[in-house]
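Per chain, numbering begins at 1; letters A, B, ... match sequence-line order. The figures that follow rest on heavy atoms only: side chains count, while hydrogens, waters and symmetry mates do not.
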Amino acid sequence: MTIKSYAKAVNEAHEQLLASDERVFVIGQGVESPWCVGTTTLGLVARFGSERVIDTPISEAGVTGAAIGAAMAGMRPIVFHPRMDFMYLAMDQIINHCAHWYYMFGGRVNVPVTIRGIINRGNEQAAQHSQSPFAMYVHVPGLKVVCPASPYDAKGLLVAAVRDDNPVLYIDDRWLYTLEEEVPDEIYEVPLGKGRVCREGSDVTVVAVSYLVREAMKAADILASERISVEVIDPRTLKPLDIDLIVNSVKKTGRLVVADPDWPCCGFSEHVAAAVYSRTFNILKNPVQFVTLPDAPVPAGTSLEKAYFPDKSDIFQAVKHFFAE
Amino acid sequence: MNNCLCPPPPEFRINRIDDSKLKWLLLTMMRIREFEERVAELVIEKKIITPCHLYTGQEAVASGVCHALRKDDYLFGTHRSHGHYIAKGGDLKAAMAEMFGRATGCSKGRGGSMHLVAPEVGILGTSSIVAGSLPIAVGTALAESIRGTGRVTAVFHGDGVPEEGIWHESANLAALKRLPVIFICENNLYCTHMALDKRRVHDNLHRVAKEHGLESVVVDGNNVPDVYYAARDAVNRAREGYGPSFIECRTYRWRGHVGPNYDVDLGLRNQDELDAWVARCPIKHFAGFLVSIGILSKNDVEEMQRGVSFEIEEAVSFAVSSPFPDPADLTRYVFKGGASNDD
Ligand SMILES: Cc1ncc(C[n+]2csc(CCOP(=O)(O)OP(=O)(O)O)c2C)c(N)n1
Ligand SMILES: [Mg+2]
């Protein structure tokens, strides 16, 4: 075990996957750039060569399709998009040619590709360079979606994604790249479809996604000093969702906040709320509270940006709402 | 209609193809024709519901190209891929059962006419999204180039496809990485209701491909040895690591865009044009040629036709006597390895 940053954990997972499985290769825009996708692909070309760590022309759809085809041929590609915003150009490939493929051909051809979508926002980058649209992908049958919020999960989920026989969308968040914790040096998997109780509590369940896990933990600390005991759950995999873990927690607390840094309409937050309501309606003490992005594109200017992205205080407020007179 | 859009009947020049190969080419074209014409009847009788884009008239393209491929080479196709599937060696019964939506279909009734698959002969799927399978074909070629196996990928596409951006992305990527992939453009002069000149300023598909860095040729798509020779050259180049090729095959689909109708006199195309192309029938001319050079007798050809009809009838019987998929299995095959979702 060594203390490692989230970015280092992602980098190490790539390195160990490439070293241990010759079917693995990495393809996307920017592996050979001096910035190396926020350092997560640093050193990979030097160690594994440009045959297996492939920089590409600006062809999001074409390159994603090529990774999908290689997966059909038995490889284990990781195709990455330095920004999820640009991944929309590959939507037809991801849905029609990847997620649907196994079903459409009666289980005869599977597509073990890992699609890595990186969230890169903040610093006044505006609507086309700031997005984190999880729910759009969770909506699609045949696609698994993971969203690591810690260095440990960032490494273990990438390994599990690559080893899974299905297409997996792996979403990492550059706001978390400097987060540090102990991460095993050897290769390991965090199983897909298993959430994690990050903090136990008895009064309120907060289901948090991506950077809001960290914010939820901070809010829970503050709330503890007010004698409100918060249970924080990180689903880690948005699909398939570990709904039992969430439902069991809500059965204990009777109150639910969903903190999801995505748009609200038909979002992951509403999905969790609906799944919980349909299983625990009679034991909920209060209506579910939501902490999401507003139903608006992302603004540029810092003052608006600050108002746009939720943080610990929004989660704090949502929890307090339950106990208001 | 100018002469370039409907050239004179094909003339055959063959060089070092042995008799059995020539017979295979004819037989394969006949099988495709019989399959398609039988499917057309079954659609008219409303026994087949899935939208069928028939390949009648284009048989020389699939047959000529697939003859140059190995069994383990990959093939990707389109909405109009019955012919590609048959020529590559896909099982006829499984294809017919798929037309009927049966559990014994090649895609177990989940795919329909536009989604055929036969991994055992390298067909990893056909996509009904125009141009959608292009980058995937580049991807199987990328996989084999990383592994260094020499396996080649053939991807068939229509003349409408270079109107899609992803065709250009795929061509550029294939050329840039020198991948073992062959783009076979079946230029049947139409994209649904629209003739080529209503969609492009220039009739220049092969030149565009060449500019992207693909080795590029144009052949008469109704001339099966010509298609074969072009494909063989492209396959050799690809296998030896010289990179991708583009083969524009000029041909014509006899029936309308989808279904059994001929779609003449709807303001799209006229009877004269169709008649001229029917007169260029790739099968009739090639059979006549083989008879004229003494490789087959007329009797042999008739015998082959009877054999093919019998095979297709067997496939139909197999299909109609097969069970439908069990509705209890509706969500099976969403994920591999899921509790109830797997084999
Ligand atoms: C992305 C996309 N756009 C439109 C369609 C509708 N469509 C189906 S086939 C077709 C025509 C394709 O023409 P061409 O590529 O020439 O092939 P052909 O039908 O002549 O074999 C169209 C427009 C589609 N399936 N996919
Ligand atoms: Mg066409």
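- Residue B:Leu173 touches chain A through its side chain alone, counting heavy-atom pairs closer than 4.5 Å.
- Comparing B:Pro119, B:Gly111, B:Ser170 by how many heavy-atom pairs each has under 4.5 Å with chain A, the most go to B:Pro119.
- Annotation: maximal heavy-atom pairing with chain B below 4.5 Å, among A:Met72, A:Arg108, A:His100, occurs at A:Arg108.
- Contact annotation for B:Arg151: neither backbone nor side-chain heavy atoms come within less than 4.5 Å of a heavy atom of chain A.
- Heavy-atom distances place the backbone of A:Glu51, and not its side chain, under 4.5 Å from chain B.
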May I have the step-by-step check of side chain to side chain contact (heavy atoms under 4.5 Å, CB included) for B:Ile146 and A:Phe25, ending in yes or no? CA-CA 9 Å; B:Ile146 292 173; A:Phe25 70 94; 3.8 Å; yes
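- Side-chain polar atoms of B:Ser133 and A:His97 form no donor-acceptor pair below 3.5 angstrom.
- Taking both residues in full, the closest heavy atoms of A:Asn166 and B:Lys336 are given as OD1-N, 2.6 Å, listed atom of the first, atom of the second, then distance.
- For the pair B:Ile166 and A:Asp92, the minimum side-chain heavy-atom distance is 4.5 Å or more.
- Taking every heavy atom of both residues into account, B:Lys108 and A:Gly106 meet most closely at NZ-O, 3.1 Å.
- Minimum interatomic distance between A:Ala73 and B:Tyr74 (heavy atoms only, all atoms of both residues): CB-OH, 3.4 Å.
- Residue-level contacts of residues 134-147 of chain A with chain B, in order of numbering, are A:Pro141, A:Gly142, A:Leu143, A:Lys144; threshold 4.5 Å between heavy atoms.
- Nearest heavy atoms, B:Lys177 versus A:Asp55: NZ-O, 3.3 Å.
- Contact of the B:Leu176 side chain with the A:Pro57 side chain is registered, since non-hydrogen atoms from C-beta on lie closer than 4.5 Å.
- Across B:Gly132, B:Gly122, B:Ala143, the residue that shares the most heavy-atom pairs under 4.5 angstrom with chain A is B:Gly132.
- Within 6.0 Å of the CD atom in A:Gln128, the count of heavy atoms belonging to other residues, nucleotides or ligands does not exceed 12.
- Proximity to chain B among residues 58-65 of chain A is limited to A:Ser59, A:Glu60, A:Ala61, A:Gly62, A:Val63, A:Gly65, judged by heavy-atom separations below 4.5 angstrom.
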Intermediate values then yes/no, side chain to side chain contact (heavy atoms under 4.5 Å, CB included), A:Arg23 and B:Arg147: CA-CA 9 Å; A:Arg23 300 170 305 170; B:Arg147 292 178 180 135; 5.6 Å; no
Decide side chain to side chain contact (heavy atoms under 4.5 Å, CB included) for B:Arg110 and A:Met104; before the verdict, give the C-alpha distance in whole Å, the side-chain angles of both, and the deciding distance to 0.1 Å. CA-CA 5 Å; B:Arg110 269 82 171 167; A:Met104 195 162 73; 5.6 Å; no
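- Side-chain contact between A:Gln93 and B:Pro135: present, with at least one pair of heavy atoms (C-beta onward) separated by less than 4.5 Å.
- Contact between A:Tyr102 and B:Tyr333 at its shortest, heavy atoms only, is CD2-O, 3.0 Å.
- If you measure heavy-atom distances from B:Leu134 to chain A, you find no contacts under 4.5 Å at all.
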Show your reasoning for whether side chain to side chain contact (heavy atoms under 4.5 Å, CB included) applies to A:Phe105 and B:Cys106. CA-CA 7 Å; A:Phe105 296 108; B:Cys106 59; over 6 Å; no
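- Separating the CG atom in A:Asp164 from the CZ atom in B:Phe335 is a distance of 8.5 Å, to the nearest 0.5 Å.
- Closest approach of A:Gly69 and B:Thr140 over heavy atoms only: O-CG2, 3.3 Å.
- Enclosure of atom CZ in B:Arg178 is not indicated, since only 12 or fewer non-hydrogen atoms of other residues, nucleotides or ligands lie within 6.0 angstrom.
- Listed for the A:Trp101 side chain is no donor-acceptor partner under 3.5 Å among the backbone atoms of B:Gly125.
- Around atom OH of B:Tyr242, no more than 12 heavy atoms belonging to other residues, nucleotides or ligands sit under 6.0 Å away.
- Your options are A:Ile27, A:Ile68, A:Asn96, A:Leu89, and the one with the most heavy-atom pairs under 4.5 Å with chain B is A:Asn96.
- Neither the backbone nor the side chain of B:Glu98 comes within less than 4.5 Å of any heavy atom in chain A.
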